[in-house]
Amino acid sequence: MTRRPAARRLRVGLIGTGVGVRTYLPGFAATGRADVVAIAGSSPARSREVAAATAVPTAHGDFRALCADQDLDLICVTSPNEFHYEHFAAAAASGRPVVVEKPAAVDARDLRRFLRVPLAPGQQVFVDHQLRFNPYLRRLRACLAGGEIGRPYQLRIHQQGVGQLAAGVPWAWQFDEARGGGVRLAMGSHLVDLAGYLLGVDAWQRVTGSVDPVVAVRRDGAGGSHRVTADSAFSAMLANPDATALVSASAAAAGESLLDVDVLGTAGEAHFSLRDKLRIFGADGAVRVPVPEGVEPAEAANRVSVFKSSFTCFARALTAALLDGDAAAVADASMLADQESLLGTLDAILDSARVLSASPQPTGSTR
Ligand SMILES: NC(=O)c1ccc[n+]([C@@H]2O[C@H](COP(=O)([O-])OP(=O)(O)OC[C@H]3O[C@@H](n4cnc5c(N)ncnc54)[C@H](O)[C@@H]3O)[C@@H](O)[C@H]2O)c1
């Protein structure tokens with residue numbers, strides 16, 4: 001019997017050992033055609049420790065060594081926000097395709113230096129807005145674009161997760177605005193991107209919002225206390241003449257994880273939630289519960305978070321694009337060049353929140 005040559009697999013390098021290990025590593029493995037083969041953490045010892053624990057074959061001393069590794073097809077920048085520029089610039093110089101975690105830059109001004117980094121001809125820089133690859137949310141976008149509920153005039157997206165409510169949660173970069181912390185950037189980047197993706201909106205004419213740290217002070221491991229400067233919750237209203245999006249998130253919920261997307265249209269309504277998945281109501285109130293192609297049983301049963309499973313869908317699309325040359329697979333991906341409007345909206349939420357917190361409290365306020 002002749003043996004067929006082994007099919008080629010995508011070789012992925014990871015900079016950063018947080019979400020990269022939690023989500024990218026299993027996500028690429030689940031495609032069955034891609035492997036994380038190299039990793040670079042915050043120190044050579046950390047790279048070795050994580051590589052040994054995860055059976056990743058190569059531990060690089062730092063991000064520069066990883067970017068010089070000729071064995072990689074794709075470099076993923078999954079380090080904390082304050083390192084994105086330096087790590088992206090090194091990854092871009094390798095000429096390989098790059099994925100940068102969101103938010104790529106911390107604001108629209110910061111993005112400008114990313115956009116000045118030279119790229120090789122055809123070199124692609126993706127930003128990990130993986131919800132665009134979730135089959136339910138893709139079906140919802142098709143529903144809205146196809147006029148199934150008429151003109152979608154109001155979109156509400158609310159996400160909440162538990163984790164940051166307890167005072168004992170230790171101080172970390174996520175609580176420091178100067179280091180790119182805060183839920184407005186961490187989750188707001190996903191949700192504002194999703195609002196635009198679902199409605200086919202590139203820019204919002206009016207943006208207002210508010211932010212809240214929820215817990216004002218955090219202690220570090222050595223017992224020192226730090227004032228929290230970044231938000232654990234935000235709310236925003238994004239408006240255009242023909243559609244409004246209300247977007248909110250909290251990382252400091254007490255009980256339940258939620259991702260609710262509710263759309264009202266002139267001829268129906270559509271809802272996505274972790275519990276009920278996608279439901280579409282016609283103008284007569286008749287409900288349809290579509291199960292889109294690509295939904296796996298584990299996803300249909302998933303009530304906790306769509307981020308990990310959506311990343312696996314994104315990893316499949318990247319693998320198809322980079323191994324098979326299937327450009328259509330990533331046609332909906334968020335690219336570095338698209339971040340200006342997104343970051344402008346996130347900036348406007350913060351600007352509006354600052355104006356609000358500087359304005360006098362109304363009489364009768366209990367705060
Ligand atoms: N798309 C998503 O669903 C998603 C989910 C979580 C986080 N993120 C994004 O991923 C990025 C990292 O967040 P996180 O939750 O993993 O943070 P984290 O703090 O949990 O992990 C970051 C990791 O990077 C490592 N690191 C620090 N400095 C480094 C350096 N100079 N070189 C290499 N590695 C370094 C740290 O040791 C740590 O293990 C952020 O941009 C965040 O917004 C995205």
Side-chain angles (χ1 to χ4, degrees), residues 13-28 36 38-51 53-54 56 59-67 75-91 98-107 110-111 114 126-134 137 159 161 163-164 169-177 179-194 220-221 230-231 249 251 257 259 304-315 318 333-334 336 339 342-343 346:
L14 280 186
I15 303 174
T17 52
V19 70
V21 169
R22 296 192 301 271
T23 300
Y24 284 57
L25 219 145
F28 280 112
V36 172
I39 199 156
S42 52
S43 67
R46 178 78 181 141
S47 303
R48 285 195 298 275
E49 181 195 338
V50 175
T54 54
V56 168
H60 283 294
D62 68 7
F63 67 95
R64 288 188 192 85
L66 184 137
C67 293
I75 298 177
C76 301
V77 175
T78 72
S79 44
N81 298 349
E82 65 188 306
F83 301 113
H84 284 184
Y85 174 75
E86 194 181 17
H87 295 173
F88 158 67
V98 182
V99 175
V100 182
E101 255 311 331
K102 50 44 50 179
V106 292
D107 56 32
D110 185 33
L111 181 72
F114 288 68
F126 302 91
V127 177
D128 179 23
H129 286 298
Q130 74 265 46
L131 295 183
R132 292 175 174 224
F133 290 85
N134 180 282
L137 298 172
Q159 190 277 344
Q164 294 189 1
V169 174
W171 171 253
W173 68 268
Q174 285 88 345
F175 300 116
D176 188 347
E177 193 179 291
R179 299 178 68 194
V183 164
R184 177 187 59 92
L185 285 178
M187 187 54 66
S189 57
H190 275 312
L191 304 187
V192 172
D193 180 74
L194 181 61
D220 62 30
D231 59 290
S257 293
L259 175 64
V304 181
S305 166
V306 291
F307 288 95
K308 237 177 164 172
S309 58
S310 303
F311 183 82
T312 300
C313 300
F314 181 35
L318 286 168
S334 176
L336 184 69
Q339 303 308 298
L342 171 65
L343 287 165
L346 294 167

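For the single chain, residues carry numbers from 1 onward in sequence order. Whatever order the structure lists them in is the order used to number ligands and atoms, beginning at 1. The basis for the numbers below is simple: all heavy atoms, side chains too, and nothing from hydrogens, waters or symmetry mates.
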Participant: For atom 40 (C) of ligand 1, what's the nearest protein heavy-atom neighbour? Residue, atom name and distance, please.
Facilitator: Asn81 OD1, 3.2 Å

Participant: Under the side chain to side chain contact (heavy atoms under 4.5 Å, CB included) criterion, do Phe175 and Val169 qualify, and how do the steps go?
Facilitator: CA-CA 10 Å; Phe175 300 116; Val169 174; 3.9 Å; yes

Participant: Out of all atoms in ligand 1, which are within 4.0 Å of some heavy atom of Asp128? Include the element for each.
Facilitator: 1 (N)

Participant: Ignoring hydrogens, what is the shortest heavy-atom contact between Gly16 and Thr78? Give both atom names and the distance.
Facilitator: O-OG1, 3.3 Å

Participant: Applying a strict 4.0 Å limit to heavy atoms, is Gln174 in contact with ligand 1?
Facilitator: yes

Participant: With atoms numbered from 1 as shown, which atoms in ligand 1 lie under 4.0 angstrom from a non-hydrogen atom of Ala40?
Facilitator: 33 (C), 34 (N)

Participant: Taking only heavy atoms of His190, which atoms of ligand 1 are found under 4.0 Å from at least one of them?
Facilitator: 1 (N), 2 (C), 3 (O)

Participant: Taking the six-membered ring for Trp, are Phe114 and Phe88 parallel (under 30°), tilted (30 to 60°) or perpendicular (over 60°)?
Facilitator: parallel

Participant: Without swapping roles, check the side chain of Ser47 against the backbone of Gly41 for a donor-acceptor pair under 3.5 Å.
Facilitator: yes

Participant: Between Asp231 and Arg184, is there a donor-acceptor pair closer than 3.5 Å when you use the side chain of the first and the backbone of the second?
Facilitator: yes

Participant: Which atoms from ligand 1 have a heavy atom of His84 less than 4.0 Å away?
Facilitator: 41 (O)

Participant: Mind checking whether Phe63 and His87 have parallel, tilted or perpendicular rings, split at 30° and 60°?
Facilitator: tilted

Participant: Tell me, please, which residues at least two apart from Arg22 pass salt bridge (Lys or Arg N to Asp or Glu O under 4.0 Å).
Facilitator: none

Participant: Treating Gln130 as the side-chain partner and Cys313 as the backbone partner, does any N or O pair qualify as donor plus acceptor under 3.5 Å?
Facilitator: no

Participant: With heavy atoms of Gly16 as the reference, note each atom of ligand 1 found under 4.0 Å away.
Facilitator: 24 (O), 33 (C), 34 (N)

Participant: Measure from the side-chain N and O atoms of Asn81 to the backbone N and O of His84, and report whether any donor-acceptor pair falls under 3.5 Å.
Facilitator: no

Participant: Compute the minimum heavy-atom distance from Trp173 to ligand 1 and say whether it is under 4.0 Å.
Facilitator: yes

Participant: State, to 0.1 Å, how close Val127 and Ala104 come at their nearest heavy-atom pair, and which atoms those are.
Facilitator: CG2-CB, 4.2 Å

Participant: If you take the nearest heavy atom of each of Arg64, Lys102, Gln130, which one is closest to atom 3 (O) of ligand 1?
Facilitator: Gln130

Participant: Students should be able to answer this: which protein heavy-atom is nearest to atom 28 (N) of ligand 1, and at what distance?
Facilitator: Phe83 CE1, 3.4 Å

Participant: Provide, to 0.1 Å, the distance between atom 12 (C) of ligand 1 and the closest protein heavy atom, together with that atom's residue and name.
Facilitator: Thr78 O, 3.3 Å

Participant: Can you tell me which residue and heavy atom of the protein come closest to atom 21 (O) of ligand 1, and the distance to 0.1 Å?
Facilitator: Gly18 CA, 3.4 Å

Participant: Atom 37 (O) of ligand 1: which protein heavy atom is closest, and how many Å away?
Facilitator: Ser42 OG, 3.4 Å

Participant: Answer yes or no for Ala186: is there a heavy-atom contact with ligand 1 below 4.0 Å?
Facilitator: no

Participant: Start with the C-alpha gap between Val50 and Val56, add the side-chain angles, then the distance that decides, and say whether side chain to side chain contact (heavy atoms under 4.5 Å, CB included) holds.
Facilitator: CA-CA 8 Å; Val50 175; Val56 168; over 6 Å; no

Participant: Looking only at non-hydrogen atoms, which of His60, Glu101, Arg22 approaches atom 14 (P) of ligand 1 most closely?
Facilitator: Arg22

Participant: For atom 11 (C) of ligand 1, grab the closest protein heavy atom and report residue, atom and distance to one decimal in Å.
Facilitator: Ser79 O, 3.3 Å

Participant: Check for me whether Phe63 has a heavy atom closer than 4.0 Å to any atom of ligand 1.
Facilitator: no

Participant: Which of these, Val106, Val192, Asp193, sits in a side chain to side chain contact (heavy atoms under 4.5 Å, CB included) with Leu346?
Facilitator: Val192

Participant: Just to confirm my output: which protein heavy-atom neighbour is closest to atom 30 (C) of ligand 1, and how far is it?
Facilitator: His87 CE1, 3.5 Å

Participant: To the nearest 0.1 Å, how far is atom 38 (C) of ligand 1 from its closest protein heavy atom, and which atom is that?
Facilitator: Thr17 OG1, 3.7 Å

Participant: Please report whether ligand 1 has a polar contact with Val19, defined as an N or O pair separated by less than 3.5 Å (distance criterion only).
Facilitator: yes

Participant: Answer yes or no for Lys308: is there a heavy-atom contact with ligand 1 below 4.0 Å?
Facilitator: no

Participant: Give me the atom names and distance for the closest heavy-atom approach of Ser310 to Leu131.
Facilitator: OG-CD2, 3.8 Å

